[in-house]
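Per chain, numbering begins at 1; letters A, B, ... match sequence-line order. All figures in this text were calculated on a predicted structure; none of them were measured in a lab.
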2 protein chains.
Amino acid sequence: MIRDDEEPVGLGALDRVTWALRRAELAVQTLKEQRLRPLGMAAAHYTLLMSVHSEPGLAGAELARRLNVTPQAVASLVARLEGRGQLERRAHPRHRHVQELHLTDAGREALRAADQVIADIERHITEGLGPDESAQLRTLLERVSKTVRDA
Amino acid sequence: MIRDDEEPVGLGALDRVTWALRRAELAVQTLKEQRLRPLGMAAAHYTLLMSVHSEPGLAGAELARRLNVTPQAVASLVARLEGRGQLERRAHPRHRHVQELHLTDAGREALRAADQVIADIERHITEGLGPDESAQLRTLLERVSKTVRDA
DNA sequence: AGCCTTGTGTCAAACGCTTGATTCTCATGA
DNA sequence: TCATGAGAATCAAGCGTTTGACACAAGGCT
């Protein structure tokens, strides 16, 4: 049996799955930023608004964990979005120190406009792949996430 | 036929392909950073060294384009790696202003150690998926990249 | 009750990257 | 030949994020 690691360092490292993954994600993210810019919104803002929309009333720290960023990063984004009147911070009924996050009407409208752009990109991709391949891809990506998470 | 966009903003946006893509990439990247940290190397350093290894002698600006970052970011990384003695800048024979990038012996050794870690992660993922699914995933990701690039 | 652990939010400093503008070299064309 | 344009590198400034440290509130424990 022939060892395939005689090469001191991986040539052929270019067509690894993780490289393809990185490039695809980078391309998608870049496109999202480009399309979102005319709306005066960054991808991070959209992600945060969408998260708050899907689960209203969650705290900044909890939000930080889900987005895999630090609480300070969330606080920074929240402060900006609050300044625009798209997001509001309310005091938690039990824990006075904690502050729940909720969308304002303006926030919902901004999210709706942004989501139209994002959904359009998503549609373009899924149509390019076809429904079967899209489902396949999503399944495979989920398996990768799970595999990596409990590595 | 029932329209599926009656909802003002995408519920079910959580299981979009691009979200799965983002989460998978984030998980992989995080794992790489964790495993690379004990070696005193960041993922960006590894990527740069690998790029220079696969194509020795290329310029900083060209490298920046391939990695989708700015020339300054590359210059910053190069300066650091040069300080460690893992990378060296030589004057281009024709264009004296341009500087070719080459790996030193220490750089090759550091890259070899780092690549062992990265290859191990790659192996863990591909084994978890199986060879057929791995090839499928890589193909699908390539198609996504291509679809997005000329969007 | 009092202590202590957990979790949240905030401040300050450092780091990394991007944007913008400048300088320098080499190549091309009048 | 000289001028003009394109590409590469560098400097300066600004922004966003991470890291580290601290204060505060609620629940659990002896």
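The salt bridge (charged side-chain N to carboxylate O under 4.0 Å, His left out) contacts involving residues 41-52 of chain A comprise nothing, where partners must be two or more places apart or lie in separate chains. A salt bridge (charged side-chain N to carboxylate O under 4.0 Å, His left out) check over residues 92-104 of chain B, counting only residues at least two apart or in different chains, returns nothing. Applying the salt bridge (charged side-chain N to carboxylate O under 4.0 Å, His left out) test to pairs two or more places apart or on separate chains, those with a residue in residues 63-87 of chain A are A:Glu55-A:Arg66, A:Glu62-A:Arg65, A:Glu62-A:Arg66, A:Glu82-A:Arg89.
Under the 3.5 Å distance criterion, the side-chain polar atoms of A:Thr147 are matched with a main-chain donor or acceptor of A:Arg143. Put simply, the side chain of A:Ser145 gets close to the backbone of A:Leu141: a donor and an acceptor are under 3.5 Å apart. With B:Thr126 contributing its side chain and B:Ser134 its backbone, the two residues share no donor-acceptor pair below 3.5 Å.
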Under 3.5 Å, sequence neighbours excluded: what are the donor-acceptor pairs made by side chains of residues 27-40 of chain B?
residue	atom	partner	partner atom	Å
B:Thr30	OG1	B:Leu26	O	2.7
B:Lys32	NZ	A:Thr18	OG1	3.4

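Comparing B:Glu62 and A:Ala73, the nucleotide of DNA chain D nearest to each residue sits closer to the 5' end for B:Glu62. When each of B:Gln99 and A:Leu77 is assigned the nucleotide of DNA chain D bearing its nearest heavy atom, the one mapping closer to the 5' terminus is B:Gln99.
Between A:Asp115 and A:Arg112 there is no salt bridge, since none of the side-chain N atoms of the basic residue sits less than 4.0 Å from a carboxylate O of the acidic one.
Atom P of nucleotide D:dA9 and atom CD of B:Glu82 are separated by 13 Å, given to the nearest angstrom. Atom CZ of A:Arg37 and atom P of D:dC15 are 14 Å apart (whole Å).
Under 4.0 angstrom from either OP1 or OP2 of D:dT17 there lies no side-chain N or O belonging to A:Arg80.
Heavy-atom contacts of chain A under 4.0 Å fall on DNA chain C between two terminal nucleotides, which in 5' to 3' order are C:dT8 to C:dC11.
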Going 5' to 3' through nucleotides 21-28 of chain D, assign each nucleotide B (protein heavy atom under 4.0 Å from a base atom), S (under 4.0 Å only from sugar-phosphate atoms) or - (no protein heavy atom that close). ---BSSS-
